[in-house]
Student: 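First the structure, which I've put down as structure tokens, then a few questions once you've had a look.
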Amino acid sequence: MTVTPNVLRNGLLTLWLLVLVGCQTTTNRTDQSAAPRISSAPAASSDHRPNRLGNWRSTRKADEPYTLWTRIRDGFQLDPTLLDSPRVDKQRLHYASQARYFEVTSERARRYLHYVVEELDKRGMPLELALLPFVESGYNPMVYSRSQAAGIWQFIPSTGRVFSLHQDDIYDGRRDITASTNAALDYLTRLNNMFDGDWLLAVAAYNCGEGCIGRAVKRNQELGLPADYWNLQLPSETMDYVPRLLALAQIVSTPEQFGISLPDLNDEPYFAQITIRRPLDLLKAAELASISADEMRYLNPAFKHRVATPRQPYQLLVPVAQAEQFSAALARLPDSERVPFSRYTVRRGDNLSAIARQHGSSVEALRQANNLQSNLINVGQQLIIPSAGATQLAGNTPTGSAPRSNRPRTYTVQSGDSLYSIARRFNVEVKQLRAWNGVDTLLKPGQQLTLHLP
């Protein structure tokens, strides 16, 4: 449904004000983090906005193998070839100059990209939008921005709640792959309707908020100026945001033209969804599926600790190849091995050592069970206390799991940081930092880096 200014003025504005949170300004986010925001400002008319959309597809070569990238190209609807913009050129050169960017980010995206494409296809939405998490998070579900945006779609807490992404000490729906994807597509569809089918304005609003875009459109209309995305005065980040997406679309369309080799990604599901109705130790789940603990964690990043504690029947993600094995093993699993833990609320004067002694556990087991990076705990914090059997499990590597020395953590770039200084600080090599994060040389304060440390 197209939303017009008159309809908004005659009633919908009141409804939006009651349902949605207030307008928020854009923060200084990096290429890998940008949070969608909700605003009560009305969408403006598109009377003066030229139509820059079209059903555009790159020409497929006769001998070209059909891959997920091919499917994405075939679903392009936003025509970047019509946009002769230095802003797009600048972003395309940025991406193309980072030789390992697509290798590193595609390795993360391979778990999720097919699902995102499937959901977009079901709704008939432009498949360029499957590239948006590359802009938002580098397809890293563990990324948090300075504005507390989280997940591959980088929802901030308030917007996540608007779209029913539950958040508590145990679970963060913004990091849930399937839930956040469907919430993001709902949000983008709503924005597209608000701006009369203009996907460029919808994508821009995903970055800085519909109020931000609506006011910019209205300003140009009142001045008699074109009110399409390219002629609006917007926050600097939003001025670059849409060009980043279009630049990625151009590269994916003809990667050889820009000296890029896209990693092979098959057009087939990566994960299956297995219903669990009771809490389950994710280390045990990884063992049942014969996959690494890290693989289980990256498929189910919404759970903040090692135990999946669903509030209702939950779809646990496991690789398709292991789905049948996992389901059969889970059905045979004794109740005593499903949830080898209890809960404890931190009190004033508590420390990990005392809590571990009290429960016959160890500090290391507590840190592993609660995904703690240090021994620091807070009054009122909920801790998972593993049983004796779980303590033994926590100290061992499940079948097929990666060694604990490769556990990832996140580092926020500070002013004055360089790849060399960060590498020296954490006793790793610069080339490792580049490989882990798909970066070349330039870093920006606030940028999130993934580090694989002991």
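Only this structure's heavy atoms are used, side chains among them; waters, hydrogens and symmetry mates stay out. Please read all numbers here as calculations on a predicted model, not as lab measurements. In what follows, residues are counted from 1 in the order of the sequence shown.
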Student: Any side-chain heavy atom of L232 sitting closer than 4.5 Å to one from N220?
Tutor: yes

Student: Can you find a pair of side-chain heavy atoms, one from Q273 and one from T178, that are under 4.5 Å apart?
Tutor: yes

Student: Below 4.5 Å, heavy atoms only, C-beta onward: do Y229 and P243 meet side chain to side chain?
Tutor: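 Result yes, sub-4.5 Å side-chain heavy-atom pair found.
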
Student: Keeping N231 on the side-chain end and A227 on the backbone end, is there a donor-acceptor pair under 3.5 Å?
Tutor: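 Judged by distance alone, no pair lies under 3.5 Å.
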
Student: Answer whether the closest heavy-atom distance between the side chains of Y171 and Y314 falls below 4.5 Å.
Tutor: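 They are in contact (side-chain heavy atoms under 4.5 Å apart), so the answer is yes.
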
Student: Under a plain distance cut-off of 3.5 Å, with no hydrogens placed, do Y298 and R111 share a side-chain donor-acceptor pair?
Tutor: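 The answer is no; no qualifying pair exists.
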
Student: Is there a donor-acceptor contact under 3.5 Å from the side chain of Q91 to the main chain of A247?
Tutor: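 Checked: no pair found.
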
Student: What heavy-atom pair brings F258 and T254 nearest, and what distance separates the two atoms?
Tutor: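 Of all heavy-atom pairs spanning F258 and T254, the closest is CD1-O, 3.3 Å.
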
Student: Please check if atom CD in E268 has more than 12 non-hydrogen atoms from other residues, nucleotides or ligands closer than 6.0 Å.
Tutor: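 Yes, CD of E268 has more than 12 neighbouring heavy atoms, counting only those of other groups under 6.0 Å.
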
Student: Scan side-chain atoms only and decide if Q325 and S290 contain a donor-acceptor pair under the 3.5 Å cut-off.
Tutor: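 S290 and Q325 do have a side-chain donor-acceptor pair below 3.5 Å.
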
Student: Donor-acceptor check, side chain of N207 to backbone of Y241, threshold 3.5 angstrom: yes or no?
Tutor: no

Student: Would you call R71 and H114 a side-chain contact if the rule is heavy atoms closer than 4.5 Å?
Tutor: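 Yes - at least one pair of side-chain heavy atoms lies under 4.5 Å apart.
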
Student: So, the side chain of Q148 versus the backbone of P157: is there a donor-acceptor pair under 3.5 Å, distance only?
Tutor: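 Between the backbone of P157 and the side chain of Q148 there is no qualifying donor-acceptor contact (under 3.5 Å).
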
Student: Please report the shortest heavy-atom distance between Q167 and R174, naming the atom on each side.
Tutor: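 Shortest heavy-atom contact: OE1-NE, 3.4 Å.
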
Student: Test F76 against V252 for side-chain contact (heavy atoms from CB on, under 4.5 Å), laying out the working first.
Tutor: CA-CA 10 Å; F76 279 174; V252 168; 4.2 Å; yes

Student: In chain order, what residues pass the salt bridge (Lys or Arg N to Asp or Glu O under 4.0 Å) check against R87, with sequence neighbours excluded?
Tutor: none

Student: Going by salt bridge (Lys or Arg N to Asp or Glu O under 4.0 Å), name the residues that satisfy it together with D168, two or more places apart in sequence or in a different chain.
Tutor: none

Student: Any sub-3.5 Å donor-acceptor pair from N192's side-chain atoms to L188's backbone N or O?
Tutor: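 It does not hold such a pair.
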
Student: Any idea which heavy atoms bring E103 and P263 closest together, and the distance?
Tutor: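 Heavy-atom minimum between the residues: CA-CG, 3.9 Å.
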
Student: Regarding Q315 and T275, is there a side-chain donor-to-acceptor distance under 3.5 Å anywhere?
Tutor: yes

Student: Is it the case that the side chains of E210 and Y187 hold a donor-acceptor pair, with the cut-off being a distance below 3.5 Å and no angle test?
Tutor: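 Judged by distance alone, the side chains do pair up.
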
Student: Under the rule for ring-ring contact (aromatic ring centres under 6.0 Å, His included), what residues qualify as partners of F271, not counting sequence neighbours?
Tutor: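 F271 satisfies ring-ring contact (aromatic ring centres under 6.0 Å, His included) with Y115 once adjacent residues are dropped.
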
Student: Side-chain contact test, heavy atoms from C-beta onward, threshold under 4.5 Å: evaluate it for L316 versus F326 and give yes or no.
Tutor: yes

Student: What are the two closest non-hydrogen atoms of I152 and S180, and how far apart are they?
Tutor: CG1-OG, 4.4 Å

Student: If you round to the nearest 0.5 Å, how far is CD1 of I213 from CG of L191?
Tutor: 9.5 Å

Student: For the pair F102 and F134, name the ring-plane relationship: parallel under 30°, tilted 30 to 60°, perpendicular over 60°.
Tutor: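 Ring orientation of F102 relative to F134: tilted.
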
Student: Is the CD atom of Q382 crowded by more than 12 outside heavy atoms at less than 6.0 Å?
Tutor: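 Check passes, neighbour count above 12.
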
Student: Has R161 got a side-chain atom pairing as donor or acceptor with H166's backbone, closer than 3.5 angstrom?
Tutor: no

Student: Passes side-chain contact (heavy atoms from CB on, under 4.5 Å), L200 versus L78? Steps please.
Tutor: CA-CA 8 Å; L200 299 190; L78 316 179; 4.1 Å; yes

Student: To the nearest 0.5 Å, what is the distance between CG (L93) and CD (Q98)?
Tutor: 11.5 Å

Student: What are the two closest heavy atoms between N266 and L68, and how far apart are they?
Tutor: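 Here N266 and L68 meet closest at O-CB, 3.9 Å.
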
Student: Check this for me, if you would: do D264 and R110 make a salt bridge, where the nitrogen-to-carboxylate-oxygen distance has to be below 4.0 angstrom?
Tutor: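 Answer for the salt bridge query: no.
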
Student: So, taking the atom named OG in S253 and the one named CD1 in I72, what distance separates them when rounded to the nearest 0.5 Å?
Tutor: 11.5 Å

Student: Look only at the side chain of S292 and the backbone of E295, and say whether a donor-acceptor pair between them is shorter than 3.5 Å.
Tutor: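 Yes, S292 side chain to E295 backbone: donor-acceptor pair under 3.5 Å.
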
Student: Starting from the C-alpha separation in whole Å, work towards a yes-or-no answer on side-chain contact (heavy atoms from CB on, under 4.5 Å) for I170 and K304.
Tutor: CA-CA 5 Å; I170 304 297; K304 298 181 179 180; over 6 Å; no

Student: Please determine whether salt bridge (charged side-chain N to carboxylate O under 4.0 Å, His left out) holds for the pair D89 and R92, giving the CA-CA distance in whole Å, both sets of side-chain angles, and the decisive distance to 0.1 Å.
Tutor: CA-CA 5 Å; D89 295 341; R92 189 184 62 246; 3.1 Å; yes

Student: Are Y112 and V117 close enough, and set up right, to give a side-chain contact (heavy atoms from CB on, under 4.5 Å), and what steps lead you there?
Tutor: CA-CA 9 Å; Y112 322 121; V117 170; over 6 Å; no

Student: Treating S97 as the side-chain partner and H94 as the backbone partner, does any N or O pair qualify as donor plus acceptor under 3.5 Å?
Tutor: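 Side chain of S97 to backbone of H94: a pair is present.
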
Student: Examine distances only and state if a side-chain atom of R108 and a backbone atom of G138 form a donor-acceptor pair shorter than 3.5 Å.
Tutor: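 Confirmed, R108 side chain pairs with G138 backbone.
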
Student: Before giving the answer on side-chain hydrogen bond (donor to acceptor under 3.5 Å, both in side chains), spell out for Y144 and D172 the whole-Å C-alpha distance, their side-chain angles and the decisive distance to 0.1 Å.
Tutor: CA-CA 12 Å; Y144 279 95; D172 189 342; 3.3 Å; yes

Student: Find the distance between CH2 (W69) and CG (D74) and round it off to the nearest 0.5 Å.
Tutor: 14.0 Å

Student: Check whether E222 reaches the backbone of R219 with its side chain - one donor and one acceptor, N or O, closer than 3.5 Å.
Tutor: no

Student: Between the side chains of T181 and W153, does any donor sit under 3.5 Å from an acceptor?
Tutor: yes

Student: Report the distance from atom CZ of R175 to atom CE of M142, rounding to the nearest 0.5 Å.
Tutor: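 The distance works out to 5.5 Å.
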
Student: Return the minimal non-hydrogen interatomic distance between C208 and T238, and the atom names on each side.
Tutor: CB-OG1, 3.2 Å

Student: Determine, stepwise, if the pair E118 / R123 fulfils salt bridge (charged side-chain N to carboxylate O under 4.0 Å, His left out).
Tutor: CA-CA 9 Å; E118 279 280 307; R123 301 176 184 228; over 6 Å; no

Student: Are any non-hydrogen side-chain atoms of P301 and I177 less than 4.5 angstrom apart?
Tutor: yes

Student: Taking the side chain as every heavy atom from C-beta outward, state whether Y139 and T105 have any pair of such atoms under 4.5 Å apart.
Tutor: no

Student: Can you tell me how far apart CG (L248) and CG (L132) are? Round to the nearest 0.5 Å.
Tutor: 9.5 Å

